[in-house]
Amino acid sequence: MATAPLSPVVPQNRLLRALSPATGPQVLLTLHPVALRLKETLITPDAPITAVYFPVDAAVSVVSTFADGSMREVATIGNEGLVGVPRFLQAGSMPFTAFVQVPGAALRMEAGRFDQAVQTVGSDLAAVLARYTQAWCTQLSQHAVCHGHHRVVQRCARWLLQTHDRVGR
């Protein structure tokens, strides 16, 4: 992960933009800009989540890997969200892999700092992340429904449209 300048990327993540003027600057001080590379693994199954990521113009796939090595995407995360929701829910790991599907910029926060930021009194970060977590759960459910109902061409079209919305290109 290479570093990138902080100022032009901050407002492009919708969760960070949703923070209040009192909370936003405090959270931004704990973030480190990074350049995410294609296929870079951000979270490994059942391993400790050591950092969370706020994508700016990158897209991250969350996939389940089967015993035969095949994978199925369960979620896509872009500038609307956070990679590492289980950490917000006080879980130390998750059973899925999160890897970069579309390279680009993100803002990274170490797990310990993230935990502190969520617990800070007066911070609206927890409220923003709680609303996002509900949206993320809805997305997971929608992915499951689509995989069971739609043909691959329809699923591909949906993925392309959603990815374009998230990365802006």
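Computed from a predicted structure; not experimentally measured.
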So do the side chains of Met94 and Val62 get within less than 4.5 Å of each other, counting heavy atoms only? yes
Measure across Pro55 and Val83 and return the closest heavy-atom pair with its distance rounded to 0.1 Å. CG-CG2, 4.0 Å
Could you state whether Leu28 and Leu125 fall into the same hydrophobic cluster, counting links through intermediate Ile, Leu, Val, Met, Phe, Trp or Tyr residues with side-chain heavy atoms under 4.5 angstrom apart? yes
Could you state whether Val52 and Val118 fall into the same hydrophobic cluster, counting links through intermediate Ile, Leu, Val, Met, Phe, Trp or Tyr residues with side-chain heavy atoms under 4.5 angstrom apart? yes
Using only atom types and a distance under 3.5 Å, with no angle test, would you say the side chain of Asn79 pairs donor to acceptor with the backbone of Ala58? no
Heavy-atom closest contact (Lys39 atom, Phe99 atom, distance): CA-CD1, 4.0 Å
With a 4.5 Å cut-off on side-chain heavy atoms, are Leu31 and Leu16 touching? yes
Any sub-3.5 Å donor-acceptor pair from Arg113's side-chain atoms to Thr30's backbone N or O? no
Do Leu107 and Pro33 have side-chain heavy atoms sitting under 4.5 Å apart? yes
Testing the basics here: between Ile49 and Pro86, what is the closest heavy-atom pair and its distance to 0.1 Å? CD1-CB, 3.9 Å
Kindly give the heavy-atom pair with the smallest separation between Thr76 and Ala59, and that separation in Å. CG2-CB, 4.5 Å
Contact check, side chains of Arg131 and Val128, non-hydrogen atoms, under 4.5 Å: yes
At what distance, to the nearest 0.5 angstrom, does CG of Asp115 lie from CE of Met109? 10.0 Å
When rounded to the nearest 0.5 Å, the distance separating CH2 of Trp136 from CD of Glu80 is 11.0 Å
For Gln101, is there any backbone N or O sitting under 3.5 Å from a side-chain donor or acceptor partner on Ser61? no
Flag side-chain contact, heavy atom, 4.5 Å: Ile43 against Tyr53: no
Contact between Tyr132 and Ile77 at the side-chain level, heavy atoms closer than 4.5 Å - yes or no? yes
Could you state whether Leu15 and Leu89 fall into the same hydrophobic cluster, counting links through intermediate Ile, Leu, Val, Met, Phe, Trp or Tyr residues with side-chain heavy atoms under 4.5 angstrom apart? yes
Roughly how far, to the nearest 0.5 Å, is CZ of Phe96 from OG1 of Thr44? 14.0 Å
Just so I know, are the side chains of Ser70 and Thr65 near enough to count as touching, which here means a heavy-atom distance under 4.5 Å? no
Do Val74 and Val60 belong to the same hydrophobic cluster, where Ile, Leu, Val, Met, Phe, Trp and Tyr are linked whenever their side-chain heavy atoms lie under 4.5 Å apart, directly or via other members? yes
Close side-chain approach of Leu82 to Phe114, heavy-atom, < 4.5 Å: yes
Can you see which heavy atom on Pro95 is nearest to which on Pro45, and at what distance? O-CB, 3.7 Å
Any idea which heavy atoms bring Ala106 and Leu36 closest together, and the distance? CB-CD1, 3.5 Å
